[in-house]
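Before any comments, here is the structure.
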Amino acid sequence: MVFLLQIRIFDNEQQVASALADHIASAVRQQPGIVLGLPTGRTPIATYAELRRLHAEQGLSFARAVTFNLDEFVGIDASHPGSFRYYMEQHFFGGVDVPPERIHFLNGMAKDLDTECIRYERDIAEAGGMDLQVLGIGGNGHIGFNEPADELIASTHRVTLHAGTRRDNAASFGGDPERVPREALSMGMATILKARMLILVATGAGKARCVERMIHGPLTTRLPASFLQMHRSAAVYLDRPAASLLAVE
Ligand code: PGA
């Protein structure tokens with residue numbers, strides 16, 4: 001079978017993180033002004049740790065890079081430990097040299113959330129679009145916060161989170177899914193798919209089923225990640241448990 005998606009399978013999570021960090025590092029070295037789209041979640045934590053190490057030990061510099069995060073919760077600010085802005089400060093920005101003015105975030109506290117989404121799309125376009133978009137995948141197949149639905153939205157928009165997604169994010173809200181905001185702002189499907197290169201990363205057996213559907217299944221709005229199959233330059237980095245249901249193993 002011919003896969004348009006490039007699939008890379010590693011023995012364990014740490015190898016996934018090293019390979020992904022190496023790819024990002026070489027992209028940044030080749031193109032210091034690179035525009036990076038960045039994810040949050042448990043999966044990329046080890047990759048960010050590796051990038052901080054490369055910065056500290058090998059002088060990898062992000063001084064000219066530009067970043068756009070995929071999504072943010074509505075109604076909490078950057079000082080809230082559950083916010084993605086806070087996560088990024090802890091795991092990445094606090095340990096590398098991206099200048100603050102080059103870091104872009106959706107503001108979930110904006111008075112007018114629709115205008116905020118339009119602003120974000122405009123800022124991405126003005127930066128020339130993403131050169132490299134890194135993605136996680138939700139257990140339900142979401143990318144960013146584009147949740148499975150009858151219809152998907154192309155551009156950055158306001159999202160009502162599914163109960164399962166709120167449960168998955170409960171850890172940074174005192175373990176209580178009820179305290180996880182009901183809404184978020186997210187890049188849309190086209191915002192993501194317009195990136196010149198995409199890398200989706202998934203680890204652990206809990207992701208095996210959605211990874212299998214993403215790669216072998218039909219394109220469906222019920223599994224937003226399946227649209228990666230249409231991208232000309234997309235790669236999927238997996239550990240063995242996440243790849244365990246793939247026919248390519
Ligand atoms: P996770 O989240 O890395 O915490 O599993 C992935 C996602 O929801 O995109």
Side-chain angles (χ1 to χ4, degrees), residues 10 12-17 19-21 24 36-51 67-74 81-88 90-92 105-106 108 130 132-149 152-153 156-157 159-173 175 177 180-189 191-193 195 198-215 222-228 234-245:
F10 301 88
N12 57 53
E13 214 177 322
Q14 189 49 47
Q15 285 181 15
V16 174
L20 179 53
I24 295 169
L36 294 170
L38 297 175
T40 50
R42 280 174 298 273
T43 316
I45 290 176
T47 302
Y48 289 133
E50 183 60 13
L51 287 171
T67 70
F68 286 90
N69 263 81
L70 275 167
D71 44 19
E72 181 58 286
F73 291 111
V74 166
S83 75
F84 291 156
R85 188 78 181 80
Y86 187 94
Y87 166 109
M88 288 302 295
Q90 299 294 311
H91 292 295
F92 187 52
F105 251 92
L106 279 157
M130 259 79 72
L132 172 60
Q133 174 71 57
V134 182
L135 295 166
I137 180 170
N140 64 3
H142 73 206
I143 49 174
F145 271 141
N146 294 277
E147 299 275 41
L152 297 175
I153 295 173
T156 300
H157 60 287
V159 183
T160 300
L161 298 172
H162 287 190
T165 299
R166 293 175 71 213
R167 267 197 307 278
D168 287 347
N169 282 276
S172 29
F173 293 86
V180 178
R182 288 174 192 280
E183 287 191 300
L185 303 179
S186 176
M187 285 187 196
M189 292 298 291
T191 324
I192 293 170
L193 291 168
L198 296 173
I199 302 181
L200 183 143
V201 56
T203 55
K207 297 286 170 71
R209 178 79 187 111
C210 64
V211 163
E212 191 277 329
R213 289 177 63 206
M214 166 178 69
I215 292 170
R222 291 279 145 205
L223 195 97
S226 63
F227 284 82
L228 261 66
V236 182
Y237 283 38
L238 305 169
D239 66 358
R240 291 214 173 272
S244 58
L245 297 176

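We count ligands from 1, going down the list as the structure has it; atoms in each ligand are counted the same way. The first residue of the sequence shown is numbered 1, and numbering continues consecutively from there.
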Got a second to check how far [X]'s [atom1] is from [Y]'s [atom2], nearest 0.5 Å?
X    : Y    : atom1 : atom2 : value
I192 : L228 : CD1   : CG    : 8.5 Å
Q133 : L70  : CD    : CG    : 4.5 Å
T156 : L185 : OG1   : CG    : 8.5 Å

**Prompt:** ligand 1: which residues have a non-hydrogen atom closer than 4.0 Å?
**Reply:**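 Shell around ligand 1 (4.0 Å, heavy atoms): G41, R42, T43, G136, I137, G138, H142, K207.
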
Exercise. Please work out whether the ring planes of F145 and F73 are parallel, tilted or perpendicular, with thresholds of 30° and 60°.
Key: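 Geometry flag for F73 against F145: tilted rings.
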
Measure from the side-chain N and O atoms of N12 to the backbone N and O of D239, and report whether any donor-acceptor pair falls under 3.5 Å.
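Not a single qualifying donor-acceptor pair exists.
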
Review point. Do side-chain atoms of E147 reach the backbone of H142 as a donor and acceptor pair under 3.5 angstrom?
Key: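 Judged by distance alone, no pair lies under 3.5 Å.
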
